[in-house]
Amino acid sequence: MNIEEIYNEIDLKKAELDPQIEDLSNKINRFTKWAWAFVIIGFVVAGFGILCYLFPCISGQLTLNELGDYLSGSVASAWSLAGLFFIYVAFIGQKQQLINQQIEILYSQAEIKATRFELEGQKEQLIEQNKTLRQQRFENTFFQLINNHNSIVDSIDLRRWSQKTNSYSISSQGRDCFEVFYNRIKSECKDDFTIKNTLDAYMEFYHQNQADLGHYFRNMYHILKLIKETDFITNKKRYSSLLRAQLSSYELVLLFYNALGVYGVEKFKPLIEEYSFLKNLDWSLIFDSTHIDEYDKEKAF
């Protein structure tokens, strides 16, 4: 029941009680008039008796005892009746007050419920604000890691010796390096593309270029781990897709073999499968099609 329904219910209850209050008010006015009328009658009767006592010519000589009997018999009766009416008026007034208090209690209860609803609304609002803040903090961290990832990629470069300049010069930089990495690993396999020989060739190449590739894959692993461990995110694949969109075809191929290597098979590979991270992989770049069987195809691709 919302607050509007509560106040409507109170208004209906008040509409039922208002006629009773009005009827009691009419009775109070009526019986109050009767009470004062008997008070006045008592004074008139008392005044008449005193006049008769003071002026014997009006009704004959009255003794003091007779005056006392007269006052106690007539005036006391009138005033007793007036007192009875006043008591009844007080009783009716208390009844009217109880009804008014009942209405006030209803409105007080409504105000308490309204306050509770308001507090509940504020609580829900705070919860939503907290969710929004947590979402913003997560996204700030996530996109900062994305920026770090792109910075890592841009910082990778390959150099070769130039006899003309007698110095090293940059031959490849950024994402172009991954195609070179791919071709070097392929040549290291020496046409033996069994999964064991391929992974041995990849790990040998990885150790030679660990300064670049180690930082690269660790950062990517921590981004996926952040997505997995953030409980309040419902659409986690949306963020993993944003990360995957940053990768070139050759980056995905190296990621494919990195997750099968000794440093990735235990922790990195399950994350890749959970978030279908190889969905856009160019299968023609895989050294041997049987290597795909190392993954759960329904999840990873």
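By convention here, the first residue in the shown sequence is residue 1.
Ring orientation note: the planes of Y295 and F256 are tilted relative to one another, at an angle of 30° to 60°. Note: F217 and Y206 have tilted aromatic rings, judged against thresholds of 30 and 60 degrees for the angle between ring planes. Using cut-offs of 30° and 60° on the angle between ring planes, the pair F138 and F232 is perpendicular.
When side chains are defined from C-beta on, S172 does not count as touching D157, because their heavy atoms never get closer than 4.5 Å. Looking at heavy atoms from C-beta onward, V180 lies out of side-chain contact with D176 at the 4.5 angstrom threshold. F38 is not listed as a side-chain neighbour of L84, based on a closest heavy-atom distance of 4.5 Å or more. Taking the side chain as every heavy atom from C-beta outward, L260 and I195 approach each other to under 4.5 Å. Counting heavy atoms from C-beta outward, K186 and F193 have side chains that approach closer than 4.5 Å.
For V89, the side-chain contact (heavy atoms from CB on, under 4.5 Å) criterion is met by I28, F31, T32, not counting sequence neighbours. With sequence neighbours excluded, no residue forms a salt bridge (charged side-chain N to carboxylate O under 4.0 Å, His left out) with D288. When the side chain to side chain donor-acceptor pair (under 3.5 Å) test is applied to D282, the partners found at least two apart in sequence or on another chain are S284. Residues forming a side-chain contact (heavy atoms from CB on, under 4.5 Å) with N183 (at least two apart in sequence, or on another chain): E179. Remark: Y239 pairs with Q135, E139 by the side chain to side chain donor-acceptor pair (under 3.5 Å) rule, at least two apart or across chains.
Note that the CG atom of L243 and the CG atom of L226 stand 10.5 Å from one another [nearest 0.5 Å]. Atom CD1 of I272 is separated from atom NZ of K267 by 14.5 Å, given to the nearest 0.5 angstrom. We find the OG-NZ distance between S25 and K27 to be 11.5 Å, quoted to the nearest 0.5 Å.
Here the two rings, on F43 and W79, have centers that are under 6.0 Å apart. Taking the ring centroids of F181 and F178, they lie under the 6.0 Å cut-off. Checked against the 6.0 Å centroid criterion, the rings of W34 and Y88 do not qualify as a close aromatic pair.
Applying the side-chain hydrogen bond (donor to acceptor under 3.5 Å, both in side chains) definition to pairs two or more places apart or across chains, those involving residues 208-220 are E204-Q208, Y216-E251.
No more than 12 heavy-atom neighbours from other residues, nucleotides or ligands sit within 6.0 angstrom of CH2 on W36. More than 12 heavy-atom neighbours from other residues, nucleotides or ligands sit within 6.0 angstrom of CZ on F143.
In summary, K269 and E273 engage in a salt bridge, as defined by a charged side-chain N under 4.0 Å from a carboxylate O.
When the options K228, K225, K236 are evaluated for a salt bridge (Lys or Arg N to Asp or Glu O under 4.0 Å) with E274, the one that passes is K228. The only option from N148, N140, T141 that meets the side-chain hydrogen bond (donor to acceptor under 3.5 Å, both in side chains) definition with Q144 turns out to be N148.
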